[in-house]
Amino acid sequence: MSKKTRLKRFGLYLLMVLMAVFFLFPLVWMISGSLKLESQLYADLDKLITFLPTPFTLENYRNMFARTDFFRFLMNSFIITGSTILLGLVVNSLAGYALSRLEFPGRKLVDSSVLALIIVPFEAIFVPLFLIVDWMGGLNTYWALILPFVADPFSIFLFRQFFVQVPDSVEEAAYLDGAGYWRTYLQVVVPLSKPVFATVAIWIGLNQWNRFLWPLVVTSGKAKQPLSVGLREFFTNPPVNWSQILAFSSLMSIPILLLFLAFQRHFYKGVAAQAGGKG
Amino acid sequence: MLLPALIGLGLFLLLPSVSAAVLGFTNYILGPIPTEFVGLHNFLRMFGDSTFIRSMLNTLYFAALVVPLQTVLALILALLVNRKVAGVNFFRAIYFFPTIMALVVVSVVWALLLNKGGVVNGMLGKVGIGPIPFLTSSAWAMPSIVLASIWQGAGLQMVIFLSGLQAIPKRLYEAAEIDGASAWQQFRHVTIPQLRPTILVVVVITTILSFRLFVQPFVMTRGGPGGSTQSIIMYIYDKGIGDFNLGYSSAMSFFLFLVVLTISLLQRRFLSRGE
């Protein structure tokens, strides 16, 4: 290897490391800030030691649990996210399967309508949706936080695209054995389609876990609020304690971090799916 | 099989979309005033409403900064991790991770980092810069929100670019190499033209996403200082949920939808021309 290529390699590597520093330092600071006293949060700002949790303490976590109902919010987030994933997988996969297999009048129309609905930005419909949900008596209920996000045109699209690629011959054997659409679907198609189920689960799950505007609009009080909105309690109910906020933020991110480490590949697909194109 | 999905889509997506369009032509306000059909009144009012215009301009300003910066950064990241070097998967994961964090958390953390007495100013002070009023001056507030947004979002565009880069046939590079093309020439004459459709997709997606700006200014600056970071969604939220002026906020929602729709259609035009 010539000296020039080695130098170039080193330069690119350095750039990669610098980028990593840029993407990591806010996270490091968040976690370390949650593990030291608030008075230390603004100490030694011009030294790298400010990124270390010294002196180390779990005080913020203890006080945060005492001050806010973290576990209530956590449970709400789990209920909302979990139910939306489960219902969403069933509803959207069935719809995607129907669109890829069944022949019925108006199929083309349904197909292109679903596709067209993908581009409706949620932020452009939340006001009338609020009105509809209010009219149905949904304010401060779990279902108002779950049901609007179950049937999702993009998830249907992902399922349909996947099922189209599954050859019919796979199902024919099941039909010959006398199984109907439903049994064939459950016993033959679903087990073949784990990757798309995983991608859709992550796509729905991420959106729900992090959703902010909608729970802000349809909930008040902590009974039904998820973590994302629960964080606001620190601001609406002073004094603001930043170290506790960081403790809350760190804990709130852990479930996602663990999921990410376990299912990295599906995350890339799921989030790229968010881009609305390249699954 | 289709029915549950159709009911869900109809009730929670189609109905509100249609309602936004219909309500936009009424003076519907929650309260005692009877609702009437007011024609184009709301839409005319929008263009005489300085707060609406300001919010729209703020959103456009945000888009004008985020789209080029984030696209270039994401492309650099994708090029960096599209090589066969040690630890590349590790770096990919680091660049990507902010994408899956809640925007509320991202906004809170960046608000603290960029505080006047925060870490960023501390470090800048060491090299003799600042302190910079990142969040409290109307000149710096939007660029600060842009910074936080890019930090959160670049990983997504990186993944899209990465799939685009990996779809470029290897033989094109081999041919260029035989012709004696330098790395830069290969980038300029092979990578960029081949990547054109992907670049368009990324630009359009980033543009649409930037019209949905809400959480970052809501948390980091509350739309201030002096309304300099109020986004269009924030204004819709204020009018619709704050003042219960559902007619007017629906009209603005409908207008926003038309803007996004136009961008999407332009994208389709551009893309089909590219093929």
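Labels below follow one simple rule: chain letters A, B, ... track the order of the sequence lines, proteins then strands, and each chain is numbered from 1.
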Okay, B:Phe161 and chain A: the region with an atom under 4.5 Å from a heavy atom over there is neither

Is A:Arg211 in contact with chain B via its backbone, its side chain, both, or neither, using a 4.5 Å heavy-atom distance? neither

Minimal non-hydrogen separation, A:Ala151 against B:Leu9, with atom names: O-CD2, 3.5 Å

Where on B:Tyr95 is there a heavy atom nearer than 4.5 Å to chain A: the side chain, the backbone, both, or neither? both

What part of B:Leu11 gets closer than 4.5 Å to chain A, counting heavy atoms only: side chain, backbone, both or neither? both

Does any heavy atom of chain A fall under 4.5 Å from the side chain of B:Phe218, the backbone, both, or neither of them? side chain

Would you confirm whether the ring centroid of A:Phe260 sits within less than 6.0 angstrom of the ring centroid of B:Phe97? yes

Nearest heavy-atom pair of A:Ser253 and B:Val105: which atoms, and what distance? OG-CG1, 4.1 Å

Side chain, backbone, both or neither: which part of B:Leu73 has a non-hydrogen atom closer than 4.5 Å to chain A? side chain

Counting only non-hydrogen atoms closer than 4.5 Å, does B:Leu6 touch chain A with its backbone (N, CA, C, O), its side chain (CB onward), both, or neither? side chain

Less than 4.5 Å to any heavy atom of chain A: does that hold for the side chain of B:Leu13, its backbone, both, or neither? both

Select, from B:Ser19, B:Pro4, B:Gly8, B:Ser253, the one with the greatest count of heavy-atom pairs under 4.5 Å involving chain A. B:Ser253

Can you tell which part of B:Arg92 gets under 4.5 Å to a heavy atom of chain A, answering side chain, backbone, both or neither? both

Contact origin within A:Leu12 toward chain B - heavy atom pairs under 4.5 Å: both

Does the A:Asn210 side chain pair with the main chain of B:Leu103, one donor and one acceptor, at a distance under 3.5 Å? no

Under 30°, 30 to 60°, or over 60°: which ring-plane class applies to B:Trp110 and A:Phe25, parallel, tilted or perpendicular? perpendicular

Can you tell which part of B:Leu79 gets under 4.5 Å to a heavy atom of chain A, answering side chain, backbone, both or neither? neither

Exactly one of B:Leu112, B:Leu113, B:Val119 clears side-chain contact (heavy atoms from CB on, under 4.5 Å) with A:Pro26, and that residue is B:Leu113

Using a cut-off of under 4.5 Å for heavy-atom pairs, which of B:Val159, B:Leu80, B:Ile7 has the most such pairs with chain A? B:Leu80

Check each atom of A:Val150 against the heavy atoms of chain B and say whether the ones under 4.5 Å are side chain, backbone, both or neither. neither

Residues B:Val109, A:Leu246; criterion side-chain contact (heavy atoms from CB on, under 4.5 Å); working and verdict: CA-CA 8 Å; B:Val109 170; A:Leu246 292 178; 4.2 Å; yes

Proximal component of B:Asn121, with respect to chain A [non-hydrogen, under 4.5 Å]: neither

Comparing B:Ile100, B:Ile241, B:Val202 against chain A, the one with the most heavy-atom pairs below 4.5 Å turns out to be B:Ile100

Name the region of A:Trp29, side chain, backbone, both or neither, that has any atom closer than 4.5 Å to a heavy atom of chain B. side chain

Tell me, out of B:Gly118, B:Gly240, B:Ser250, who's got the most heavy-atom pairs with chain A below 4.5 Å. B:Gly118

Would A:Phe23 and B:Leu77 satisfy side-chain contact (heavy atoms from CB on, under 4.5 Å), going step by step from the backbone distance to the final call? CA-CA 11 Å; A:Phe23 283 100; B:Leu77 294 176; 3.8 Å; yes

Where on A:Val110 is there a heavy atom nearer than 4.5 Å to chain B: the side chain, the backbone, both, or neither? side chain

